[in-house]
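Positions are given from 1 along the sequence. Keep in mind the model is a prediction, meaning the values are calculated, not measured.
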Amino acid sequence: MVQRRSNRPSTRSVRRTSDQVRSSMVGAHAPRAGRPGGRHMNAEQVGFSSPRKTRRAARGQLDTFIPPTSTRESAHAYARRSGRREFAQTIQRKSRVRRFAVVTVCVLIAVGVAAAAGFAAFFASVSGKMSLGDSNARDALVAPAEDASAFYTLLTAELGAGQGSVNEDGPDAYVLARADAATESVTLVWLPANLQVSYNDTTGRLRDAACVDDATLVKAVSQFAGVDIAHFAETNIEGIAHLADTLGGIEVNLAEEVDDPRAGDVYLPAGTQTVGSAELPTLLRAANYTDGNKGQARVQCQVIAAIMGKLVGGDGPLADATTLDAVSGDVRCDLDSQQALDLAGTFSSLSPDAVAFETVPGDEVQRDGVAVFQSYDEDWTALMEQLDAGGQPAADDDAAGSSERVDPASFTITVRNGAGITGAAQQMADQLAAGGFVVDEVGNTDSPAYDETLIIYKDEANEAAAQTVAAALTSGRVVNGGDYYSFDTDVLVVLGSDWKPLA
């Protein structure tokens, strides 16, 4: 007879299961027989809602067990809730949100890395276009002190020669700029291209030093001015013209008309004019102004100031990197793109009207048939000391002197023809005589090598007389001849090639 196995658990199995249940239930452990207060009693350490429940737990009685969940729900309630479709959908939705957040963060990081790489490539490209290339100018530059707010920059421009110009080198422009970040002010000092300077243990013109290399040029200007030069920038007539067009044209206020056939075929009347690539070559090359070099310096510095104002002021390209690339190749300098942007931010409120300018005090003389500009050392030293101390240029002495007029018959004049135009000296003498001036001598210079008309005096007492002649002629530059010119009258008038015969 086969004996069937009973499904009822054995007494030992029931006891073991009972012990496991008791050991897993907090606050519901009954003491073993004969061992009151055994180690499994912990009802007093568990918080119950009433003393009655605490006593019952101490006796090993348990009616309802609430698991320590955040919702305080039973295991059965939790099982029912977690089995619902809404619970699963909520879990899936939270999982999707987490995945989306992770993907979004990864995408943003990737975009940030790509943008950073793009900006780095952009600024690297701009810096490359602005670079001086193989120029050695940096070898002569001296960084300003950390606590210094002002610094000097040498600006150069190759303007080229106009059609029919007698100047084979072209009227190149050199400007020493002093910028002060503390006051956001700029002063431009115009240096004649034929200024006599010392370089490499020799003496020559400024443009001769530039022909050696950029470092020689920077050192020559630094020695001449007695200041350290922190930055160097160079451009040419094409770069200036493109820059002006990119900026939508620049505005200049012309003190007199621009009409110099040797510089170009463009005519500009006096007054405020907006100029671009069509007018700038003639405007920058013109030299036949009434006050000669000073007139040319005034116009060239006005162009520089107008460009600076548009570049750094308001929403200019050096304040907005989006158009920086368009103008980066027009000027080459020792700064990279980020340094240029930082500098533009420092001078963001600069106005063209606030840019002052000055010229080197001195006169043009002839040496071995070559025109050389000789500076007045004491006046030049005083000017640079004033600028270096943060002062602005003094008032225009020529403009002040032009208001002084003397009797035309109270002094004598010598007229010499330096323009090579037949009969020009006599015609000039007749014009002066008709105005009441006394002309004692008429003749020619040793060689027709004068590009501009000069009105020369030696004695300071005759400066007002020379100014009176200049006002009567409406042309010519007044200079102190010193020992460079020989004449016996009070004033000497030398006709240059800029003189126009009377009709």
Side-chain angles (χ1 to χ4, degrees), residues 137-157 173-199 203 205-206 209-210 214-234 293-294 297-298 300-302 304-305 308-309 312 333-335 339-340 342-344 346-363 373-400:
R138 289 185 179 84
D139 298 340
L141 300 178
V142 179
E146 293 184 0
D147 58 345
S149 63
F151 58 89
Y152 288 89
T153 301
L154 178 59
L155 311 173
T156 69
Y174 303 86
V175 172
L176 181 63
R178 182 186 186 275
D180 193 333
T183 59
E184 291 194 39
S185 61
V186 176
T187 301
L188 306 176
V189 181
W190 189 82
L191 310 174
N194 61 344
L195 174 67
Q196 180 173 288
V197 294
S198 299
Y199 62 93
T203 300
R205 300 175 302 175
L206 190 60
D214 290 339
T216 301
L217 172 63
V218 173
K219 291 177 181 178
V221 175
S222 177
Q223 180 180 349
F224 174 73
V227 296
D228 292 331
I229 297 177
H231 301 294
F232 176 78
E234 61 182 8
N293 284 343
K294 186 175 284 291
R298 180 174 56 250
Q300 292 182 355
C301 289
Q302 277 191 8
I304 295 174
M308 290 174 61
V312 304
C333 62
D334 63 294
L335 301 175
Q339 290 172 328
D342 292 342
L343 188 62
T346 303
F347 292 88
S348 59
S349 62
L350 180 68
S351 168
D353 296 335
V355 178
F357 89 95
E358 186 54 272
T359 60
V360 179
D363 282 324
F373 191 92
Q374 178 67 52
S375 65
Y376 298 151
D377 293 341
E378 293 184 1
D379 294 341
W380 170 244
T381 300
L383 172 62
M384 287 307 303
E385 288 178 350
Q386 181 183 13
L387 292 182
D388 204 35
Q392 292 295 314
D396 191 340
D397 292 337
D398 289 347

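Not one N or O on the side chain of D180 forms a donor-acceptor pair closer than 3.5 Å with the backbone of S185. Between the side chain of T203 and the main chain of S198, no donor-acceptor pair closer than 3.5 Å is present.
Of all heavy-atom pairs spanning Y152 and D228, the tightest one is CB-O, 3.6 Å. Shortest non-hydrogen contact noted between S222 and V227 is OG-O, 2.6 Å. Taking all atoms of both residues into account, the shortest heavy-atom contact from V360 to F224 is CG1-CZ, 4.0 Å. Residues P361 and D379 come closest through the heavy atom pair CG-CB, 3.7 Å. Of all heavy-atom pairs between A230 and F151, the closest is CB-CB, 4.1 Å. Between L387 and R178 the shortest heavy-atom distance is O-NE, 2.8 Å.
Results of the side chain to side chain contact (heavy atoms under 4.5 Å, CB included) test with Y174 over L195, V221, L155, L217 single out L217 as the only residue that passes.
Counting heavy atoms from C-beta on, the side chains of E358 and L383 come closer than 4.5 Å. No side-chain heavy atom of Q223 sits less than 4.5 Å from a side-chain heavy atom of V197. Using a 4.5 Å heavy-atom threshold, the side chains of Y199 and K219 count as separate. Between D214 and E234 there is a side-chain heavy-atom pair separated by less than 4.5 Å. The side-chain heavy atoms of T187 and Q386, taken from C-beta on, include no pair separated by under 4.5 Å. Side-chain atoms of L206 and F373, non-hydrogen and from C-beta on, never get closer than 4.5 Å to each other. Side-chain atoms of V189 and W380, non-hydrogen and from C-beta on, do get closer than 4.5 Å to each other.
To the nearest 0.5 Å, atom OG1 of residue T153 and atom CG of residue L141 are 9.0 Å apart. Taken from OG1 in T359 to NZ in K294, the straight-line distance is 3.0 Å, to the nearest 0.5 Å.
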Can you check side chain to side chain contact (heavy atoms under 4.5 Å, CB included) on L188 and I304, steps first, answer last?
CA-CA 9 Å; L188 306 176; I304 295 174; 3.9 Å; yes
Given side chain to side chain contact (heavy atoms under 4.5 Å, CB included), test V175 with F357 step by step and report yes or no.
CA-CA 10 Å; V175 172; F357 89 95; over 6 Å; no
